[in-house]
Amino acid sequence: MPEQIYNSERAMLGKIIGAIFGFIIAGGAFGAVLGIYLGHQFDRARSGPITGGQQQQAQDSFFRTVFSLLGHVAKADGRVSSDEITQAEQLMDKMRLDTATRKEAISLFKRGASADFSVDQTMQEFMRVCGRYNNLKRQLLNYLIALAMADGELDQSEQDVLAKIARHLGFSAALFEQFIQMIKAQSQFRGSHSGPGASRPSKDQLADAYRALGVSSDDSDSQIKRAYRKLISQNHPDKLIGQGMPEDMVNLATEKTQEIQAAYELIVCLLYTSPSPRDS
């Protein structure tokens, strides 16, 4: 599970640095423990909630970046399709934007679709303001991939632009590919329910469910549950708002949570109704 490994490594960075410096400065085990504690505080500062003016700045940056990049991704294959326009309009509808804010979103979309738009400059500004908030970075890429797939396929030119954006966000090529597969699979569970009374899933549905969580059928039950809980946490409205996501966009994260929930319920349903679920 590349994403889990990647995030674990990032989460350990502050603790490792702190332990080394604590050992050097204070000496011995006590210094190392002290360093680990300080490193933990460093990690929390890099990914924790923000307040006041910083939060407003992050919200503004996220809004500008989302809609300008939506326009750029939509134009990546040479034309903005009617499906992509509909997807962008549906995003605005779900956000319940007032007239003035909707006009601003449309203006940003058109700006992103213009020939002189700079992805590099836009991403550098976004990372300056929001770069330490991993959930916001994932949500940004989530929206862009969803728009690019609005017409049912991911054009190579669109994928190239998305890969460039992913690199700016700090995602490896492997993680970016996994992200695409997860979003494709999650979309299969939009509006679905896999609880009691649901028909037995097909092999294809089950494969989609595993991909939606970023796991495989070979993973243990505890690994699958951890992956599910992590995805739910990443899309939790309070956490996203605390890191600077505009409240108008939280409805989209709620929809994503429902897709993840449906995929997990399908897997759990199979695990508890089949005598040998791994052999299905």
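For this chain, numbers begin at 1 and follow the sequence in order.
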Working to the nearest 0.5 angstrom, can you tell me the gap between [X] [atom1] and [Y] [atom2]?
X: R226; Y: S220; atom1: CZ; atom2: OG; result: 6.0 Å
X: L231; Y: M182; atom1: CG; atom2: CE; result: 4.5 Å
X: R64; Y: E104; atom1: CZ; atom2: CD; result: 8.0 Å

Would the distance check show the side chain of [X] and the main-chain N or O of [Y] forming a donor-acceptor pair, the cut-off being under 3.5 Å?
X: E84; Y: S81; result: yes
X: K110; Y: G71; result: no
X: S187; Y: K184; result: yes
X: E259; Y: F189; result: no
X: E125; Y: T122; result: no

By side-chain hydrogen bond (donor to acceptor under 3.5 Å, both in side chains) - contacts of R167 (at least two apart): none

S233: partners by side-chain hydrogen bond (donor to acceptor under 3.5 Å, both in side chains), with sequence neighbours left out: K239

Residue pair [X] / [Y], side-chain donor-acceptor N/O under 3.5 Å:
X: T99; Y: R102; result: no
X: D160; Y: S157; result: no
X: D120; Y: Q124; result: no

Could you tell me whether the side chain of L69 reaches within less than 4.5 Å of the side chain of F126, counting heavy atoms only? no

Hey, can you tell me if F171 and F179 have their rings parallel, tilted or perpendicular (30° and 60° cut-offs)? parallel

Counting neighbours of CD on Q156 that are heavy atoms of other residues, nucleotides or ligands and sit closer than 6.0 Å, is the number greater than 12? yes

